[in-house]
2 protein chains.
Amino acid sequence: MDTNAAGMAEPIDFRHHLTADGGRICARMICRTLDLIANKWAVPIILTLAAARQQRPDRPMRFSELSRALPLITQKELTKQLRSLEAAGLVGRHVHAAVPPRVEYWLTDLGVSLRPVLDALGRWSAENGPAMAANLQQKQDAVAAAE
Amino acid sequence: MDTNAAGMAEPIDFRHHLTADGGRICARMICRTLDLIANKWAVPIILTLAAARQQRPDRPMRFSELSRALPLITQKELTKQLRSLEAAGLVGRHVHAAVPPRVEYWLTDLGVSLRPVLDALGRWSAENGPAMAANLQQKQDAVAAAE
DNA sequence: CTGAATCCTTTGTGATACTG
DNA sequence: CAGTATCACAAAGGATTCAG
């Protein structure tokens, strides 16, 4: 029956929620962005390219440089992530037709524009990561005690 | 040989990059947060709970309310996500021992503190989503034309 | 009403070897 | 050097059924 004697029970439209500053954000849009950057290696890759661009704006990074900077990622994953970031326009790619092959990657302006967002995420994580870890620990302890 | 005649080629430590404001952020921390909120339904759930808390701070949301507000999520996923958010301390949960059962969920203060970050993500997505979509379209067209 | 349990498909990720 | 191809495995997510 869905009665709402105590007040509103109408379904909340999750696609549009007021932001703190009165603007509007859309969960679907956020999720689309998250899909892009929420895999295991996208953020490290973006930050690495960002650092390189900051240190030497003139010269992009070669594939092998990225590979050395991120020693744990496999070539396959690195390639895949770079391709998907390139498709979205966050990363630029240039192939030099030469022997040996030489492919360069750089963070585009669009990619750079994402940095403040990552910074915000990083600050929140730094501030609240410990609290979250403590919470997780508590739950685990509770589970362990129950056994 | 990794020569660096033209300048530094030393591997970049991707764990620490300077932020725009001179602080430090850590890719690992960002990734840990992303692991939490980067699944298909975490953001919609958080925003829904946030909206509810804003509209009626006194009364949490029942499981069935959440389910109605997010019609496309399966019960299994909703339960799983709520549990994981609860474990991290972003969501509170209270079981009323009654028949019929009644379980309430609400966004904790920690959860609320995440909103500015989501807002930043949302704003960036709203601003740059169209550009990204255009880029993706271009690539797809290029692929289609090559066939 | 609020889940838990089960089965199933899709996707993500990694290891390894091979190539222009 | 910068990939591609292949295999394998784990995790995510969905559909359905059952239970207190």
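B:Arg32 places no side-chain N or O within donor-acceptor distance of the main-chain N or O of B:Leu36, the cut-off being under 3.5 Å. Looking at A:Asn128, its side chain never comes within 3.5 Å of a backbone N or O of A:Ala131 through a donor-acceptor pair. Between the side chain of A:Ser67 and the backbone N or O of A:Phe63, no donor-acceptor pair lies under 3.5 Å. Not a single donor-acceptor pair under 3.5 Å links the side chain of A:Asn135 to the backbone N or O of B:Ala87.
Among D:dA2, D:dT4, C:dG3, the nucleotide with an atom closest to any side-chain atom of A:Phe63 is D:dA2. Picking from C:dT2, D:dG3, C:dG3 the nucleotide with the shortest atom distance to the side chain of B:Pro101 gives C:dT2.
OP1 or OP2 of C:dC1 has not a single side-chain nitrogen or oxygen of B:Arg62 nearer than 4.0 Å. Note on A:Ser67: every side-chain N or O is 4.0 Å or more away from OP1 and OP2 of D:dA2. Between A:Tyr105 and D:dG3 there is a side-chain polar atom (N or O) within less than 4.0 angstrom of OP1 or OP2. Neither OP1 nor OP2 of D:dG3 sits under 4.0 Å from any side-chain N or O of A:Arg102.
With the nearest nucleotide of DNA chain D identified for both B:Ile73 and A:Arg93, A:Arg93 has the one nearer the 5' end.
Atoms CD (A:Glu104) and C1' (D:dG3) sit 16 Å apart, rounded to a whole Å. In this structure, B:Arg68 atom CZ and C:dC1 atom C1' are separated by 11 Å, rounded to whole Å. Atoms CG (A:Asp35) and C1' (C:dG12) sit 12 Å apart, rounded to a whole Å. In this structure, A:Gln75 atom CD and D:dT6 atom P are separated by 17 Å, rounded to whole Å. Rounded to whole Å, the distance from CG on A:Leu66 to C1' on D:dC1 is 14 Å. To the nearest angstrom, P of D:dG14 lies 12 Å from CG of B:Leu78. Remark: C1' of C:dT13 and CZ of A:Arg83 are 18 Å apart, rounded to the nearest angstrom.
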What protein N or O atoms touch nucleotides 10-13 of chain D N or O atoms at under 3.5 angstrom, if any, and at what distances?
{"unit_1": "D:dG13", "atom_1": "OP1", "unit_2": "B:Lys40", "atom_2": "N", "d": "3.1"}

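Among pairs with a residue in residues 91-103 of chain A, those fulfilling side chain to side chain donor-acceptor pair (under 3.5 Å) read A:Arg93-A:Tyr105, A:His96-A:Glu104, A:Arg102-A:Glu104, at least two apart in sequence or across chains.
Checked by atom type, the side-chain pair A:Trp124/B:Thr33 shows no donor-acceptor distance below 3.5 Å.
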Verify salt bridge (charged side-chain N to carboxylate O under 4.0 Å, His left out) between B:Asp119 and B:Arg115, making sure each step is shown before the conclusion. CA-CA 6 Å; B:Asp119 289 351; B:Arg115 286 226 52 194; 3.4 Å; yes
